[in-house]
Amino acid sequence: GTLRHLGKPKEALAIYDRLVREFPKEFASWNNRALHKLETGDPTGALADLAEGAKRNPKHPALFENRGLVKKALRDYRGALKDLTRAIERDPSRPEPHAARGNILRAWGRYREALPDFTRAVELAPHDALHWSNRGLCYMQLRRFAEGRADLAKATAMNPRFQAAWANRGLLEQLAGDVKAAERVLDEGLEKADGKAHLLMYRAQVYLHTKRPQQALRDLLAAVAADPKKGQGRLPPGVPLLLAEAYRRTGKPAEAIAALRRGMKEGQLLRSMARAVTKEFGQAYADKASALLLKGKPKSARASFGLPFS
């Protein structure tokens, strides 16, 4: 694991391969290589290794937790939920399967079912800011803003470099209707957090809401400049949508259409609707815009996307 964390994944994989060859009957050999493959972007290979590990020890306590995490990465959410539940039944003292199961339930919109898992993760690992952030986000989605605000503030206090927690704090304040508080939180996050793209995107939302499209455009272009290929973190999927709206508001329709087309090309636009638009503006609205895009009508889609910010 040390070589992987030092940025030498190939060297680390060579060592795991050797351990599998030398100790093929050991569950740990297969399990460790599976975790390495999962962390380096090969969940399919990880699942195959765990299948071999299960032949050696089908009741190992780590099997169900790790297989659940791998299936989650492969978007086999039902299979992941089943394995994570079995992991929790076998060892309820580990926070990770609680958090992972909570994230699946939350992604399905089952926030009330997810909340006990996030709470249990907080209880088991109270010094981990991630668990406070997860529960704060769940509270926000339940519109329990006071509790969500407290949890997210705890997460950023524990880890001021935690971009996602700052971004969620800003989003919570927007949903609670306090755009001034949202802007203050996002400004502070941009000063302290590692990574800026999500914070810039949410601040651009505030600027659009408060009729400051030029400032929104500035932030969105800065978010685009935080290119994943430059090591600055994955570009938030909502950026092309907001960028198109900012261009529209600043009288640049050609650039707006280009932004939408870029989002379609990079596969970000439809994911963006699912994650950023649907919950705020309703499924019917998202379906309409999606249908226009799939029919090859970016101009109509652009106008549709512009409606909530008008």
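Since the structure is predicted, the reported quantities are computational estimates derived from the model, not experimental observations.
- Legend: residues meeting side-chain hydrogen bond (donor to acceptor under 3.5 Å, both in side chains) with T85, ordered by chain and number and at least two apart, are R101.
- Note that the CG atom of L74 and the OG1 atom of T44 stand 5.0 Å from one another [nearest 0.5 Å].
- When hydrophobic side chains of Ile, Leu, Val, Met, Phe, Trp and Tyr are connected at separations under 4.5 Å, I88 ends up as a singleton with no cluster partners.
- In the hydrophobic cluster analysis, where Ile, Leu, Val, Met, Phe, Trp and Tyr join through side-chain heavy atoms closer than 4.5 angstrom, L69 is grouped together with L47.
- Closest approach of A193 and L199 over heavy atoms only: CB-CD1, 3.9 Å.
- Taking CZ of R78 as the reference point, atom CH2 of W108 lies at 5.0 Å (rounded to 0.5 Å).
- Apart from L13 itself, the hydrophobic cluster it occupies contains nothing, where clustering links Ile, Leu, Val, Met, Phe, Trp and Tyr at side-chain heavy-atom distances under 4.5 Å.
- In terms of modelled atom types and a separation under 3.5 Å, the side chain of S29 and the main chain of F23 share a donor-acceptor contact.
- Closest of all the heavy-atom pairs between G136 and L152 is CA-CG, 4.0 Å.
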Pair R184-E188, salt bridge (charged side-chain N to carboxylate O under 4.0 Å, His left out): steps then yes or no = CA-CA 6 Å; R184 286 196 301 270; E188 186 177 356; over 6 Å; no

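- You'll find the side chain of R149 stays beyond 4.5 Å of the side chain of Y139, heavy atoms only.
- For the pair K252 and R248, the minimum side-chain heavy-atom distance is 4.5 Å or more.
- Tracing side-chain contacts under 4.5 Å through hydrophobic residues (I, L, V, M, F, W, Y), one reaches L171 starting from V179; they form part of the same cluster.
- Applying the side-chain hydrogen bond (donor to acceptor under 3.5 Å, both in side chains) test to pairs two or more places apart or on separate chains, those with a residue in residues 63-73 are N31-N66, E65-R94, R67-D83, K71-D83.
- Side-chain heavy atoms closer than 4.5 Å link hydrophobic residues (I, L, V, M, F, W, Y) into clusters, and following such links, possibly through other members, connects V185 to L208.
- Evaluation of the side-chain hydrogen bond (donor to acceptor under 3.5 Å, both in side chains) rule for E147 yields R144 as partners, not counting sequence neighbours.
- Note that the CD atom of E113 and the CZ atom of F118 stand 12.0 Å from one another [nearest 0.5 Å].
- K37 pairs by the side-chain hydrogen bond (donor to acceptor under 3.5 Å, both in side chains) definition with D49, not counting sequence neighbours.
- Heavy atoms of other residues, nucleotides or ligands lying less than 6.0 angstrom from CZ of R110 number more than 12.
- Through direct or indirect side-chain contacts shorter than 4.5 Å among Ile, Leu, Val, Met, Phe, Trp and Tyr, L124 is connected to no other residue.
- Heavy atoms only, all atoms of each residue included: R218 and R203 are closest at NH2-NH2, 3.6 Å.
- Residues passing the ring pair (Phe, Tyr, Trp, His ring centres under 6.0 Å) test with F27, sequence neighbours excluded: H60.
- Between D17 and R21 there is a side-chain heavy-atom pair separated by less than 4.5 Å.
- Atoms OG1 and CD, from T210 and Q205 in turn, are 11.5 Å apart once rounded to the nearest 0.5 Å.
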Worked check of salt bridge (charged side-chain N to carboxylate O under 4.0 Å, His left out) between K180 and E183 = CA-CA 5 Å; K180 290 183 178 180; E183 188 171 348; over 6 Å; no

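- The nearest pair of heavy atoms linking P213 to T250 is CB-CG2, 3.7 Å.
- In this structure R112 satisfies the side-chain hydrogen bond (donor to acceptor under 3.5 Å, both in side chains) test with no other residue, sequence neighbours excluded.
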request  = Evaluate side-chain contact (heavy atoms from CB on, under 4.5 Å) for L63 paired with N57, printing each intermediate quantity in order.
outcome  = CA-CA 8 Å; L63 172 64; N57 188 344; over 6 Å; no

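- Closest non-hydrogen pair, A256 versus A244, comes out as CB-O, 3.3 Å.
- The line from CD of E89 to CG of L84 is 11.0 Å long, rounded to the nearest 0.5 Å.
- Distance check: M140 CE to L137 CG gives 4.5 Å after rounding to the nearest 0.5 Å.
- Under a 3.5 Å cut-off, the side chain of D42 and the backbone N or O of L38 do not form any donor-acceptor pair.
- Residues V224 and L243 meet the side-chain proximity criterion, which asks for heavy atoms closer than 4.5 Å.
- With contacts defined as side-chain heavy-atom distances shorter than 4.5 Å, the pair L220/L200 does not qualify.
- Counting only residues at least two apart or on different chains, the salt bridge (charged side-chain N to carboxylate O under 4.0 Å, His left out) pairs with a member in residues 123-143 are R120-E123, R135-D151.
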request  = For E173 and R169, run salt bridge (charged side-chain N to carboxylate O under 4.0 Å, His left out): C-alpha distance rounded to whole Å, both residues' side-chain angles, the deciding distance at 0.1 Å, then the answer.
outcome  = CA-CA 6 Å; E173 298 299 351; R169 282 185 67 183; over 6 Å; no

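- Looking only at side-chain heavy atoms (C-beta outward), H131 and P95 come within less than 4.5 Å of each other.
- Contact of the Q163 side chain with the D194 side chain is not registered, since no non-hydrogen atoms from C-beta on lie closer than 4.5 Å.
- What you find for A114 and R106 is that their closest heavy atoms are CB-N, 3.8 Å.
- L175 and L242 fall within the same hydrophobic cluster, where Ile, Leu, Val, Met, Phe, Trp and Tyr residues are linked whenever their side-chain heavy atoms come under 4.5 Å apart, directly or through other members.
- Follow the hydrophobic side-chain contacts under 4.5 Å out from L186 and you reach L221 in the same cluster.
- At least one donor-acceptor pair under 3.5 Å links the side chain of T119 to the backbone N or O of L115.
- Counting only residues at least two apart or on different chains, no ring-ring contact (aromatic ring centres under 6.0 Å, His included) pair has a member in residues 141-170.
- No side-chain heavy atom of K192 sits less than 4.5 Å from a side-chain heavy atom of R161.
- Grouping Ile, Leu, Val, Met, Phe, Trp and Tyr residues whose side-chain heavy atoms lie under 4.5 Å apart, directly or via other members, places V122 in a hydrophobic cluster with W132, M158.
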